[in-house]
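Worksheet: one structure, shown below.
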Amino acid sequence: MRKADVIVLTGVLLSSAAIAAPRTPSSSDVTISNAWFRALPAKLPAAGYFDLRNDGKITAHLTGAASPACGMLMLHKSSEKGGMSSMEDVQSIDVAPGATVKFAPGGYHLMCMEPTAAMKPGASVAVTLKFSDGSVATAKFAVKNTAGK
């Protein structure tokens with residue numbers, strides 16, 4: 001085999017690999033709407049709710065969240081089984097293409113542990129959502145009182 005043949009063959013293989021590489025989701029494909037926190041008195045944890053829409057062509061994998069208004073911000077899910085309510089930490093939440101996942105009381109939500117003084121009704125706080133591909137999306141969350149107003 002001549003040297004020129006090897007170069008061409010290598011170029012073909014590289015081109016095929018680039019075509020076959022999977023596209024990763026991007027935070028630009030997601031929309032955050034209806035974002036708010038329910039603040040509780042006496043530095044009790046605050047719960048965050050929002051709608052997360054994926055307008056991309058592949059599943060987005062939400063893997064975490066952060067906010068300067070929270071010492072720690074976690075993905076949680078509330079559920080009820082046999083009349084018993086429970087809450088668990090969630091490592092990842094998938095949002096299918098064209099789908100919206102609602103973070104609402106009784107289901108998925110953000111749990112703000114150690115809320116700062118910024119977490120007071122009438123304020124708004126920044127939240128950054130983190131995705132499995134390393135991308136992020138940031139939105140302002142309105143802070144409401146215990147009644148959600």
Side-chain angles (χ1 to χ4, degrees), residues 10-149:
T10 303
V12 170
L13 291 175
L14 288 176
S15 295
S16 297
I19 291 169
R23 182 183 169 293
T24 58
S26 170
S27 60
S28 64
D29 294 333
V30 299
T31 304
I32 303 163
S33 59
N34 304 314
W36 65 284
F37 273 104
R38 174 178 286 133
L40 298 176
K43 295 205 174 242
L44 291 171
Y49 308 111
F50 60 102
D51 297 337
L52 184 60
R53 171 117 183 116
N54 179 2
D55 289 317
K57 298 199 182 301
I58 60 174
T59 300
H61 307 282
L62 178 64
T63 58
S67 174
C70 304
M72 182 185 327
L73 190 56
M74 301 177 289
L75 303 175
H76 270 200
K77 183 177 183 183
S78 295
S79 59
E80 189 173 319
K81 295 175 188 167
M84 297 287 292
S85 294
S86 65
M87 189 181 334
E88 62 184 309
D89 190 32
V90 178
Q91 297 303 309
S92 178
I93 300 169
D94 294 341
V95 187
T100 300
V101 173
K102 294 191 177 284
F103 288 67
Y108 288 120
H109 60 277
L110 299 177
M111 183 59 68
C112 173
M113 305 302 290
E114 303 169 20
T116 69
M119 190 66 73
K120 62 182 178 192
S124 67
V125 297
V127 171
T128 300
L129 301 181
K130 301 174 183 181
F131 296 89
S132 63
D133 67 344
S135 65
V136 298
T138 301
K140 290 286 188 179
F141 279 55
V143 181
K144 299 181 180 184
N145 63 23
T146 56
K149 297 182 182 207

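Keep in mind the model is a prediction, meaning the values are calculated, not measured.
Atom-to-atom distance recorded for Glu80:CD and Met87:CE is 13.0 Å, nearest 0.5 angstrom. Here CZ of Phe103 is found 12.0 Å from NE2 of His76. Values are rounded to the nearest 0.5 Å. Taking CG of Asp29 as the reference point, atom CD1 of Ile58 lies at 7.5 Å (rounded to 0.5 Å). The structure places CZ of Phe50 at 4.5 Å from CG of Leu110, a figure rounded to the nearest 0.5 Å. Note: Leu129 CG to Ile32 CD1 = 4.0 Å, rounded to the nearest 0.5 Å. Taken to the nearest 0.5 Å, the CH2 atom of Trp36 stands 11.0 Å off from the NZ atom of Lys149.
Side chains of Thr63 and Ser92: no donor on one and acceptor on the other come within 3.5 Å.
With hydrogens and angles ignored, the 3.5 Å screen pairs a side-chain donor or acceptor of Ser67 with a backbone N or O of Ala126.
Closest non-hydrogen pair, Met74 versus Asp89, comes out as CB-OD1, 3.9 Å. For Ala118 against Ala123, the heavy-atom pair with the smallest separation is O-CB, 3.6 Å. Nearest heavy-atom pair across Ala69 and Cys112 is O-SG, 3.8 Å. The minimum heavy-atom distance between Pro45 and Pro115, with the atom names listed, is CA-CD, 4.5 Å. Scanning all heavy atoms of the two residues, the minimum distance from Arg38 to Pro105 falls at NH1-CG, 4.2 Å.
Look at Asp55 and Arg53 and you find a salt bridge, because one of the NZ, NE, NH1 or NH2 atoms lies within 4.0 Å of a carboxylate O, short of that distance.
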Q.
Working note: Val136 + Phe131, criterion side chain to side chain contact (heavy atoms under 4.5 Å, CB included); need CA distance, chi angles, decisive distance, verdict.
A. CA-CA 6 Å; Val136 298; Phe131 296 89; 5.7 Å; no
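Within the 4.5 Å cutoff, the side chain of Lys57 has no heavy atoms near those of the Pro97 side chain. For the pair Val30/Val95, no side-chain contact is recorded, criterion being any heavy-atom separation below 4.5 Å from C-beta on. For the pair Thr146/Pro41, a side-chain contact is recorded, criterion being any heavy-atom separation below 4.5 Å from C-beta on.
In this structure, Lys144 places its NZ atom where more than 12 heavy-atom neighbours from other residues, nucleotides or ligands lie under 6.0 Å away.
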